[in-house]
Amino acid sequence: PKGKKCRVSDANFSLSSGARELTLGAIARTSAPGSLTIDPANPTFTITSAGAPVSGPVHKVGRTTGWTSGNITNTCVNTGVQGSTIVLLCQTFVSASGVIVGSGDSGSPAFQITSGNNVRLVGGLWGGNQSGTQFVYSPIANIEAELGTLTTH
């Protein structure tokens, strides 16, 4: 749209000193959906694939609301970022009846559980609605279109 800046993802690559140690191919796992406590006996999900979602719920583990999930309700939606001139093209919406996202959850990995603790990375969460019942994520293909091919597992 005229006067807007279009992108296909809300992803960036940043390096900073003092960054936390990361484990390639792992997503923090809480003790149960809705929990903020990392499960000491089973602390991570393992990313075994990345790509477009298949049928079933999409999950995320966020700093504010922990492990939550919902169902895809809209795909490939051009979405304006509130308070900016940015429009993110072809984004995916996930909704639930209860709270699944809150301020501070941005950057959470969006994934689907394929079996046990194995997951398929489908994108990166960047926003949600005011009631917290819907989140928006940039599909992994869009992220790679902007950043290049990523090693995820």
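For the residue pair Ser131 and Val99, the shortest heavy atom distance occurs at O-CG2, 3.8 Å. When all heavy atoms are compared, the tightest approach of Ile38 to Ala28 is CD1-CB, 3.7 Å. Ala96 approaches Gly70 most closely through the heavy-atom pair CB-CA, 4.2 Å. The minimum heavy-atom distance between Ser103 and Thr64, with the atom names listed, is O-OG1, 2.5 Å. The two atoms that bring Ile27 and Pro109 nearest to each other are CG2-CG, 3.7 Å, heavy atoms only. Across all their heavy atoms, Lys4 and Ser84 have their closest contact at NZ-O, 4.2 Å.
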* Residues Thr92, Val77; criterion side-chain contact (heavy atoms from CB on, under 4.5 Å); working and verdict -> CA-CA 6 Å; Thr92 302; Val77 178; over 6 Å; no

* Asked: For Arg29 and Asn117, what are the C-alpha separation, side-chain angles and deciding distance, and is it a side-chain contact (heavy atoms from CB on, under 4.5 Å)?
  -> CA-CA 9 Å; Arg29 184 183 188 281; Asn117 287 328; 2.9 Å; yes

* Asked: Does the pair Thr65 and Ile100 meet the rule for a side-chain contact (heavy atoms from CB on, under 4.5 Å), with working shown?
  -> CA-CA 7 Å; Thr65 57; Ile100 58 172; over 6 Å; no

* After noting the C-alpha distance and the side-chain angles of Leu36 and Trp67, does the key distance pass the side-chain contact (heavy atoms from CB on, under 4.5 Å) rule? -> CA-CA 7 Å; Leu36 288 168; Trp67 176 10; over 6 Å; no

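Checking each of Phe111, Phe135, Phe93 against Val58 for a side-chain contact (heavy atoms from CB on, under 4.5 Å) leaves exactly one that passes, namely Phe135.
Hydrophobic clustering, defined by side-chain heavy atoms of Ile, Leu, Val, Met, Phe, Trp and Tyr closer than 4.5 Å, leaves Val54 isolated from every other such residue.
Thr73 and Ser95 are linked by a side-chain donor-acceptor pair at a separation below 3.5 angstrom, with hydrogens and angles left out of the test. Residues Thr46 and Thr48 bring no donor and acceptor atom of their side chains to less than 3.5 Å of each other. Between the side chains of Gln91 and Thr79, no donor-acceptor pair is found at a separation under 3.5 Å.
Note on Val136: it does not cluster hydrophobically with Val101, by side-chain heavy-atom contacts below 4.5 Å among ILVMFWY residues. The hydrophobic cluster containing Ile113 also contains Ile140, counting ILVMFWY residues as joined when their side-chain heavy atoms lie under 4.5 angstrom apart, directly or transitively.
A 4.5 Å side-chain heavy-atom check between Asn74 and Ile72 finds every atom pair outside the cut-off. At a threshold of 4.5 Å between non-hydrogen side-chain atoms, the residues Val119 and Ile47 count as touching. Residues Leu88 and Val81 form a side-chain contact, since some pair of their non-hydrogen atoms from C-beta on lies under 4.5 Å apart.
A donor-acceptor contact shorter than 3.5 Å is absent between the side chain of Asn71 and the backbone of Val94. Counting only distance, with no hydrogens or angles, the side chain of Asp39 and the backbone of Thr30 share no donor-acceptor pair below 3.5 Å.
Rounded to the nearest 0.5 Å, atoms CG (Leu121) and OG (Ser49) are 8.5 Å apart. In this structure, OG in Ser138 is found 5.5 Å from CD1 in Ile143, a value given to the nearest 0.5 Å. Distance CD/Gln134 to CG/Asn129: 5.0 Å, rounded to 0.5 Å. Atom OG of Ser55 is separated from atom CD of Gln112 by 7.5 Å, given to the nearest 0.5 angstrom. The CD1 atom of Ile86 lies 6.5 Å from the CZ atom of Arg7; values are rounded to the nearest 0.5 Å. Note: Asn118 CG to Phe45 CZ = 10.5 Å, rounded to the nearest 0.5 Å.
Residue pairs meeting the salt bridge (Lys or Arg N to Asp or Glu O under 4.0 Å) criterion with at least one member in residues 103-132, sequence neighbours excluded: Lys60-Asp105.
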